[in-house]
Amino acid sequence: MSEISLTASMRSNLLSLQQIAKLQDSTQLRLSTGLKVNSAIDNPSSYYTASSLNNRAEDLSALLDSMGQSVQTIKAATEGIEKAEELLAIAQATANSALEDIKIPEKSYFESLVGENGAVVSSKEELLNAVNAGKEEICIYGEIDMGDQTITLTDNQKLVGIGYYGKFDSDTDKFSSLKFEYEGIEGRNFIFSAKSNNVISDLSINVNSLNNQFCSAIAFDNATNAIIQNIDIQANTTALSIATSTNIKLDGKNFFNLYEKDTIYAIDSNSSTFDIYGETTIKNIGPSYNYGLCSGGQTGQINIYGKMNIHSEGRNSFNVALGEGKINFKSGSELNMQGFLFVAETQTTAPGIMTFEAGAKLNYQNQGSFLASNEIAVTGNMGSGGHINITANYIRQNLTDFTETDYKWEEIDFEGDNSGAKGKVEDKYNSSFNKTLSQYDSLIKDSSYKGVNLLQADDLKVIFNENRSSTLEVSGVDLSSDKIGMMTADWLTAEDVQKTIEQLSNAKNALRSASTKLGNYYSIITERETFTDNLINVLEEGADKLTLADMNEESANMLSLQTQQQLAINSLSLASQASQAVLRLF
């Protein structure tokens, strides 16, 4: 059978209908997807450019989520710091309460410390009985007025105040104090020892000689191995007298107030070995015949290793009577003077000598001058760590081989500490503080997010772009209590609590510094987060401009194609009418 033949007009209309159908399919696809470029066939350049933009937008979207998690990590750490500061405030309140509630313990507390061969005494009778009974450790509890009764120590006896135990206050007006008043004719020594291994420590001693007779607040004669430390002496007599004794040591922080009385000594020694350590302050030297330091005898000498602060008013001088002895200012020692220093020779034969070793310091303030009537020696090079600085209006005699250097005077406490005994911190405050500190550490440990704890020195890396070339390293800091200088409380005295309060202040500063640092990181990340979010919108908008179809235009196209299709169908119908005319012949 031969093929069916179509007229030219019919073929033309059929082709038109096919083309219109194809265009309708394309337009319908654009209308259904909203895209004018659905594949690389549609427009290779636009398709691949849009794909690249969309891919980068997707990568940045993933990074945007990571940035959000980083922000949450910083928020967790910041919240931890905020609550940690509140816990430190609670700890500080506990410390302040401890300061306000410090009390002197009962006698029973110290009785447990002195042992079976010791005694805690609070009256004259108890003290004398303990001394006579040979008690090795005698603790003065409170103020005891001895009247005119003296104390003579035996071998191995210790006469101490409560400051001897647990670092109680040991400055002026201590809780443990002894008072002695004498108006007899002969001189008498208040606390006396001719024995060995005595300790006199942490006491306030007030001595008043009514008839101006020579006596001493503390005296040693033919004694050995004695220690005097943390002593406050208010006296119108010689403060400390040492005769023909060996291995006597003055240590700790001592304060001697001599009431400007004549013919007395601050320290009078002809001991073969008398050493001064710590810091000793001597105030109110008398106007005449008063010797601050006296070293006599053929072998007597005073070795000074610590700091001595000397105060004399107006024309009064601090006399150093050498006799035949020696006074040696060792390397590292320091003599600070307000007033005059007069080195006097009290004997005409075998004069004594004052020696300043290299590294020793001699400093004057106000109208100080150095007057010497006997030999002064400077050994070594005074410029190698020490100096003698004399701002004087008078002639300096017999002072050779030293280098003068500038000295900035540091204010010396010539008044002592009148705050009184501070007692002992109650244990309940230690327990409360330590519980709070334990909770602080627990809070720091719990301030993590997804395994990262910026408050325990963990670091966090934040990535800002798809090729990882733009990053931020968030450095953590360890804010655990021991890392910021906080120690558990083991308070005994006010000084211990004050140290903790200082630690709390430093700890708060550490928290605030860390908070500021984290705040800076937070600001940077949130700004980058906002930027990335906006950049994603820019990328997606750019891709859409390359691929999105104009729905109004495509709708109009569809309507036009439908019209063309109808017209083509009508045209095809007209073209077929010629063939239909043949049928009418039959």
Distance-only check: which donor-acceptor pairs under 3.5 Å involve side-chain atoms of residues 140-150, not counting sequence neighbours?
residue	atom	partner	partner atom	Å
Y141	OH	P105	O	2.6
D145	OD1	G147	N	2.9

Cut-off 3.5 Å, side chains only: do D482 and S480 have a donor facing an acceptor? no
Start with the C-alpha distance between I205 and I218, add both sets of side-chain angles, then the distance that settles side chain to side chain contact (heavy atoms under 4.5 Å, CB included), and finish with yes or no. CA-CA 9 Å; I205 301 172; I218 300 175; 3.9 Å; yes
So, the side chain of T436 versus the backbone of S432: is there a donor-acceptor pair under 3.5 Å, distance only? yes
Before you tell me yes or no, could you show the steps for I231 and F255 under side chain to side chain contact (heavy atoms under 4.5 Å, CB included), namely the whole-Å CA-CA distance, both residues' side-chain angles and the distance that decides it to 0.1 Å? CA-CA 6 Å; I231 297 297; F255 184 81; over 6 Å; no
What pairs with Q439 under side chain to side chain donor-acceptor pair (under 3.5 Å), at least two apart in sequence or on another chain? none
Between the OH atom in Y440 and the OG atom in S481, the distance rounded to the nearest 0.5 Å is 7.0 Å
So, Q234 versus D232: side-chain donor-acceptor pair below 3.5 Å or not? yes
Could you work out, with side chain to side chain donor-acceptor pair (under 3.5 Å) as the rule, every residue matching K107, not counting sequence neighbours? S122
Flag for E136-N156: side-chain donor and acceptor within less than 3.5 Å: no
Residue pairs, two or more places apart or on separate chains, that pass ring pair (Phe, Tyr, Trp, His ring centres under 6.0 Å) and touch residues 478-513: F433-W491
Do we get K249 above Y277's six-membered ring, with its NZ or CZ under 6.0 Å from the centre and within 45° of the axis? yes
Q157 meets the side chain to side chain donor-acceptor pair (under 3.5 Å) criterion, sequence neighbours left out, with T154
Residue pair T224 / N247, side-chain donor-acceptor N/O under 3.5 Å: no
Residues that D155 engages under side chain to side chain donor-acceptor pair (under 3.5 Å), provided they are two or more places apart: S196
Can E279 and N254 be said to form a side chain to side chain contact (heavy atoms under 4.5 Å, CB included), step by step? CA-CA 6 Å; E279 180 176 0; N254 303 283; over 6 Å; no
Any salt bridge between K499 and E502, counting N to O under 4.0 Å? no
Could you give the distance from CD1 (I276) to CD1 (I304), rounded to the nearest 0.5 Å? 4.5 Å
Between L479 and I81, is the side chain to side chain contact (heavy atoms under 4.5 Å, CB included) condition met? List the steps. CA-CA 9 Å; L479 295 180; I81 291 177; 4.0 Å; yes
Regarding D101 and Y429, do their side chains bring together a donor and an acceptor under 3.5 Å, going by distance alone? yes
Cut-off 3.5 Å, side chains only: do S193 and N198 have a donor facing an acceptor? yes
Shortest non-hydrogen contact between N225 and I248, atoms and distance: N-CD1, 4.3 Å
Can you tell me if K330 has over 12 outside heavy atoms packed within less than 6.0 Å of its NZ? yes
Just by distance, do the side chain of S245 and the backbone of A243 share a donor-acceptor pair under 3.5 Å? yes
